[in-house]
Amino acid sequence: MSAGLVAAVVACAVAIVAVRRRSSAIALVALQSVLLAALALDHGVGDSAQAIALAVALTAKAILLPGALVRLTLRTRERSPVPPVGHASGRLALAAAVVLPIVALAPDAGLAEHGQDGALALVLLGVSIAVLHRAAVLQAIALLVAENGAYLAALAVPGGIPVVIEVGLVVDLVLVLAVAVTFSDRIHAEHGTGDTGRLRELHDRG
Amino acid sequence: MVDGALVVAVPAVPVASALAALLTRSVRQADAVGRIGALLTALVAAVVAVSALADPADPTRGGWSVVDAATGAFLAVGAAVGLLAAAVSPAQLDGDGRRLTRALPARRRYWAAFLLFWAALLAVAVVDNLAVAWLLIEATTAASALLVAFSGRRRALEAGWKYLLLTSFGLVVALAGIVVLAAAIPDGASLAALDYAAIGRAAGGLEREPAALAFLLIVAGLAAKVGWAPVHHWLPDAHSEAPPAVSALLSAALLPTVALVVWRVQATLGPALADGAAGAVLIGLGLASLAFAVPFLWRPLALKRLLAYSSLEHMGVVALGIGIGHPWAIAGVLLHVAGHALAKTLGFVAAIPLLRHVPDAHHAPARGLARANPATATAVGVSLATLAAVPPSPLFLSELLILAGAFAAGEAAVGIVAAILLALGFLGLAHAFLETLLGEDGAPRWPAGRWSRRLGLVTAVVVVGLLALTAAGTQLPGSDPVELVMAGVLR
């Protein structure tokens, strides 16, 4: 598995941790999906069914979902970007503090070289993005990044995973992201902003 | 032997009904299609469940499905809860007090999401493949998140968003575990390699480290969906803010159905781990869930939020029983899942008239219901007493069986800690029971109307069901059905 492409895929997620603007994050996650497709091609597409699965994944993750997110940002304009947690360097340091030790200590799962580290890093960066960003769109993108991590892990399985499952994953991802877009719309309509930091009414007092 | 077409009909009927609901031209039509679809779904699921339970020695395996005794038990629970939830849905939506939920487009969306959610949930119980089960569980998230936020209230929106994000991240972790498992299993690239039976056959030859990693990731990810502590934070919010019928379906049917998938993973992949390790993970999750739930059961909470924390406690009991794995504990799990489903559904159904007449009960504990409305008080009382495991509740017997199973399996420390936590949980719920029914400064009276008569009928049916379960439960330990359910899960 190409170390350079894996590094580029992970770099997109790292950049999403740092950015503030929704449009930048959408562009980065679309680029990440294209790079993943390139990685799949570089790794080798076994038969026509796998090629179709790859085309479906690429269309959904690089075109359909980013397109839906762009439309969402146009519908839900913000006066200024929703402020994330802390400064960009602080967010990057926090994400690194979470990702690097876990990637270093994770046992060998039998995946292709670089694939396991990249997949684990993407899942953890996805979680970090969801925690460190308060904009609903960024949290939806965090899901996409984490799912891209699982997709990278699937690419790194010797022999791949069943095509039916690969397509099923994309369908489920589209469904969940569509629901996330609906929620983002309604959060903006209700609060006048897509800042999920406003969602703080539910907690238990003793 | 169950007919294959009937098994296909279990998810197909609600999917077709959902599509039909989207084509309706009036609210009454939408409700009629929804209810008829629900009745047909429950009938088909019940026939499959009864066939599986009547002939448990002869499980049916199709290309993608398995109908064994375990499937039968969980399918029966899902069918009963879904039917009751569908039956009360129109009244719940009409009484919501918001124009939004009474409009035709909203009603169509409600029924479509409800039926699709139920279809995916029932399919999880019959599907014979871990990866396909994962896809279906993910599909339940999409449909049910919309239902959680259906009222459009700010708090419901917050609950739905948390539910969507936390469970989706959990499922990504579970997916990573499935990928690790596929890498470890010979011929993992074929779909059939992830059939439960195939995983069981391969487990003996798997290397311990990747098998353990796969198991931990799958269980940790699915735990977020079952609502096991410490990854349960969406549960109290979603269950308390969703429409009551949806809360019932989430709490009484979805959580145990996902727990069934964990059970099958533990039974098939567990032998690849160190001796007793898989069971220990589930026991840990069970005790953690009990420990997290108990402090909240002692707090004055709104009824639905109290029922939500009780779900955390009871799913902890289920994890404990599965982890212990002794036949008595397994008998306890089966009884617990069924008893919890009936009691919890009744509790959420009783919340419908309560919330209509006492809007404050959305966010504050209801008190003095016995004076306010005897029918609602009876339903809430039966639900809370059963959930507190007051004899002759089947939950008293099931918890006793699980604790006895712990001691019989040589897990005395687990049994003692669990007994203490269950006793504390009992005291919390008993206090809530007394305050809710007899507390001072209570809810205002409201007249006994058609809803009260219906609720009385539902309560009577549930009481008969609970007593029947208790009677059946006394016959379970060491019985053929338990052995066959264990065999079905283990295969």
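Proteins come first, then strands; the chains are lettered A, B, ... in the order of their sequence lines, and each starts at number 1.
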Does any heavy atom of chain B fall under 4.5 Å from the side chain of [X], the backbone, both, or neither of them?
X: L169(A); answer: both
X: A112(A); answer: neither
X: A136(A); answer: both

Which atoms form the tightest heavy-atom contact between [X] and [Y], and what is the distance?
X: A183(B); Y: P158(A); result: CB-CD, 4.2 Å
X: G152(B); Y: R186(A); result: CA-NH2, 3.3 Å
X: W161(B); Y: A180(A); result: CZ3-O, 3.6 Å
X: A142(B); Y: L175(A); result: CB-CB, 4.1 Å

For A277(B), which residues count as a side-chain contact (heavy atoms from CB on, under 4.5 Å) partner, sequence neighbours excluded? L273(B), A274(B)
Per-residue contact mode, [X] against chain A (heavy atom under 4.5 angstrom):
X: A159(B); value: both
X: S168(B); value: both
X: L191(B); value: both
X: E138(B); value: both
X: E241(B); value: side chain

If we define contacts as heavy-atom pairs under 4.5 Å, which of [options] has the most with chain B?
options: A146(A), A156(A), A178(A); result: A146(A)
options: D172(A), V157(A), L111(A); result: D172(A)
options: V164(A), D108(A), L143(A); result: L143(A)

Apply side-chain contact (heavy atoms from CB on, under 4.5 Å) to residues F169(B) and V123(A) and explain how you reach the verdict. CA-CA 9 Å; F169(B) 272 113; V123(A) 172; over 6 Å; no
Of the listed residues ([options]), which shares the most heavy-atom pairs with chain A below a 4.5 Å separation?
options: N129(B), V180(B), V172(B), L135(B); answer: L135(B)
options: T141(B), L165(B), L181(B), V132(B); answer: L165(B)
options: A145(B), A182(B), P210(B), A176(B); answer: A145(B)

In Å and rounded to the nearest 0.5 Å, what is the CG to OG1 distance from L157(B) to T196(A)? 11.0 Å
Under a 4.5 Å cut-off applied to non-hydrogen side-chain atoms, are I165(A) and W134(B) in contact? no
Check whether more than 12 heavy atoms from other residues, nucleotides or ligands sit under 6.0 Å from atom CZ of R71(A), and answer yes or no. no
Spell out, as yes or no, whether a donor-acceptor pair under 3.5 Å connects the side chain of R155(B) to the backbone of R200(A). no
Check for a donor-acceptor pair, side chain of E158(B) on one end and backbone N or O of E201(A) on the other, with a separation under 3.5 Å. yes
Of all the residues in residues 303-311 of chain B, which have a heavy atom that comes within less than 4.5 Å of a heavy atom in chain A? R305(B), Y309(B)
Apply side-chain contact (heavy atoms from CB on, under 4.5 Å) to residues H191(A) and R154(B) and explain how you reach the verdict. CA-CA 9 Å; H191(A) 293 273; R154(B) 284 188 173 198; 3.7 Å; yes
